[in-house]
Amino acid sequence: MKKKWKILLSASGLAVAAGILLSIHALTAVPAVKAVNAAPTSSAESAAPASSAENTPPAVRQDQPPAAPPENVPTEAQNPKQKIAYLTFDDGPSGMTPQLLRTLADCKVKATFFVVGLQAEAFPDALKQIAQQGHTIGVHSWTHKYPYIYKNTQNFLQDFNQLKDYIYHQTGIMPNICRFPGGTNNTVFRHYNSGPIMSDIVGLVHGMGFEYYDWNVSSGEASSVPPSKDLIVKRVVSQCKNKNTAVILFHDTENKGYVAAVPEIVAQLRAMGFDFETLSPSNPPKFRAAGVQFKPAAPRGFAPAPAVLAPPAKENQP
Ligand code: ZN
């Protein structure tokens with residue numbers, strides 16, 4: 001083959017290869033994480049995931065498509081017969097816990113409580129009642145202070161283990177589930193940590209034998225202006241439509257209105273074919289497929305490294 005043709009063929013081959021690489025990069029590139037301007041918060045859950053757009057769970061976000069389910073996990077459409085709802089209550093116990101427990105008993109429903117250590121110290125009897133009545137207790141946070149727990153993994157583990165041990169000593173039951181304050185995809189942590197701490201702590205809790213759970217239905221009852229009972233019912237029921245797995249976020253706080261909504265929510269969901277269970281690590285793939293386990297948020301400004309093009313063949317170098 002003449003040298004001229006050889007050069008032309010080699011050059012066109014390189015162009016095709018470069019085009020393929022650029023196409024692959026375009027397909028796999030992830031948009032840079034948008035800047036966060038919201039003021040940080042360190043108090044109740046309501047301030048982070050419920051009212052801040054950046055912490056709205058993926059199921060209701062309008063600016064991002066829902067994460068694709070992992071491979072080999074049946075989607076809800078493929079498994080339409082089983083409809084399970086999980087009532088979850090964060091940030092308690094509180095002065096309202098006894099009333100909430102009576103309501104749940106009247107409804108014959110077991111729930112999951114992701115408790116806060118400082119609240120459990122203030123209401124130790126309520127913590128024990130939750131366990132004695134057969135509900136599930138999970139770790140939320142001892143302090144629920146974002147600046148502390150998300151500053152580094154040492155702080156997170158100290159806070160986490162303090163609550164884990166306290167729950168065990170108070171109830172005799174070692175927890176094995178947790179929910180991160182603000183949810184796994186919270187971006188508030190970026191005010192206090194520039195690294196991939198959410199991914200790191202997911203790995204840490206998995207290593208400790210815990211499973212984490214977020215939510216795919218939010219009652220929104222903990223907003224600064226508490227919604228009416230009817231609005232809470234409407235929100236929850238409407239979000240549960242077209243779902244077979246509904247993990248519903250409430251807050252066990254002094255906000256009194258939501259407890260009255262629980263019986264109506266339970267009745268309407270039962271009429272829709274839902275059974276009620278408590279969370280456990282027994283079947284995490286199902287929860288991932290349902291969007292209940294959020295993908296850990298990435299550090300601010302995170303972007304994948306650019307694709308590296310193969311060096312040109314020797315004969316094409318000048
Ligand atoms: Zn919380």
Side-chain angles (χ1 to χ4, degrees), residues 42-46 48 86-150 153-184 201-202 204-215 221-222 247-256 258-259 262 276-282 284:
S42 60
S43 58
E45 192 89 292
S46 56
Y86 304 82
L87 302 180
T88 70
F89 298 90
D90 289 10
D91 297 357
S94 73
M96 287 297 289
T97 304
Q99 182 179 333
L100 173 59
L101 291 175
R102 285 194 294 274
T103 299
L104 293 171
D106 290 343
C107 295
K108 297 182 171 52
V109 166
K110 302 300 182 193
T112 304
F113 290 76
F114 292 103
V115 301
V116 167
L118 293 175
Q119 289 295 117
E121 270 195 327
F123 299 94
D125 291 342
L127 182 73
K128 290 172 184 165
Q129 286 172 15
I130 292 170
Q132 288 164 356
Q133 295 184 23
H135 303 287
T136 299
I137 296 177
V139 171
H140 195 36
S141 172
W142 181 268
T143 61
H144 210 292
K145 299 291 186 189
Y146 294 92
Y148 179 74
I149 61 175
Y150 293 141
T153 53
Q154 290 84 358
N155 285 9
F156 176 85
L157 282 178
Q158 184 280 321
D159 176 285
F160 189 95
N161 286 326
Q162 186 174 354
L163 177 54
K164 171 177 71 77
D165 294 342
Y166 185 83
I167 292 169
Y168 178 67
H169 287 123
Q170 292 292 314
T171 68
I173 299 171
M174 182 59 80
N176 60 4
I177 61 171
C178 66
R179 173 175 285 162
F180 305 122
T184 312
I201 62 177
V202 165
L204 286 171
V205 300
H206 279 161
M208 296 163 66
F210 278 72
E211 192 54 80
Y212 77 88
Y213 296 96
D214 297 292
W215 58 90
E221 94 292 351
V247 177
I248 306 166
L249 173 66
F250 294 95
H251 295 82
D252 177 12
T253 64
E254 305 293 339
N255 183 351
K256 296 184 172 65
Y258 78 94
V259 177
V262 169
F276 289 84
E277 292 183 3
T278 63
L279 291 170
S280 81
S282 59

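No hydrogens, no waters, no symmetry mates; every other heavy atom, side chains included, goes into these values.
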Would you say [X] and [Y] make side-chain contact, with heavy atoms under 4.5 Å?
X	Y	value
Phe89	Val259	no
Tyr166	Val115	no
Ser280	Tyr213	no
Val202	Phe180	yes
Ile149	Ile201	no
His144	Asp91	yes

Original post:
So Asn161 and Met208, side-chain contact (heavy atoms from CB on, under 4.5 Å) or not? Walk me through it.
Top reply: CA-CA 10 Å; Asn161 286 326; Met208 296 163 66; 3.1 Å; yes

**OP:** Just jot down the side-chain hydrogen bond (donor to acceptor under 3.5 Å, both in side chains) partners of Ser141, sequence neighbours excluded, or say none.
**Re:** Asp159

Subject >> Those residues that, when tested against Tyr148, pass side-chain hydrogen bond (donor to acceptor under 3.5 Å, both in side chains) (two or more places apart) >> reply: Gln158

Nearest 0.5 Å, please: how far is [atom2] in [Y] from [atom1] in [X]?
X	Y	atom1	atom2	value
Phe160	Asn155	CZ	CG	14.5 Å
Phe276	Leu104	CZ	CG	10.0 Å
Ile173	Ile167	CD1	CD1	10.0 Å
Ile177	Glu211	CD1	CD	10.0 Å

Subject >> Counterpart residues, side chain to side chain contact (heavy atoms under 4.5 Å, CB included), relative to Glu277 (two or more places apart) >> reply: Ile84, Tyr86

Subject >> side chain to side chain contact (heavy atoms under 4.5 Å, CB included) partners of Met174, counting only residues at least two apart >> reply: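 With sequence neighbours excluded, Met174 shows a side chain to side chain contact (heavy atoms under 4.5 Å, CB included) to Lys164, Tyr168, given in chain and number order.
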
Considering all heavy atoms, the nearest [X]-[Y] contact:
X	Y	result
Tyr146	Pro181	CE2-O, 3.4 Å
Trp215	Val247	CB-O, 3.5 Å
Phe114	Val139	CD2-O, 3.8 Å

Contacts under 3.5 angstrom, residues 120-138 side chains, donor-acceptor by atom type, not counting sequence neighbours:
residue: His135; atom: ND1; partner: Ala111; partner atom: N; Å: 2.9
residue: Thr136; atom: OG1; partner: Thr278; partner atom: OG1; Å: 3.0

Original post:
Can you pull the side chain to side chain donor-acceptor pair (under 3.5 Å) pairs that have at least one residue in residues 97-113, sequence neighbours excluded?
Top reply: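 Counting only pairs at least two positions apart or across chains, the side chain to side chain donor-acceptor pair (under 3.5 Å) contacts touching residues 97-113 are Thr97-Asp252.
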
**OP:** Evaluate the ring planes of Tyr150 and Phe156, with Trp represented by its six-membered ring, and classify them as parallel (under 30°), tilted (30 to 60°) or perpendicular (over 60°).
**Re:** parallel

Original post:
Where the side chain of Arg179 meets the backbone of His140, is there a donor-acceptor pair that is under 3.5 Å apart?
Top reply: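 The answer is no, because no donor-acceptor pair under 3.5 Å joins these two groups.
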
Subject >> Donor-acceptor under 3.5 Å (Glu254 side chain, Ser94 main chain) >> reply: no

Original post:
Thr184 and Asp214: side-chain donor and acceptor closer than 3.5 Å?
Top reply: yes

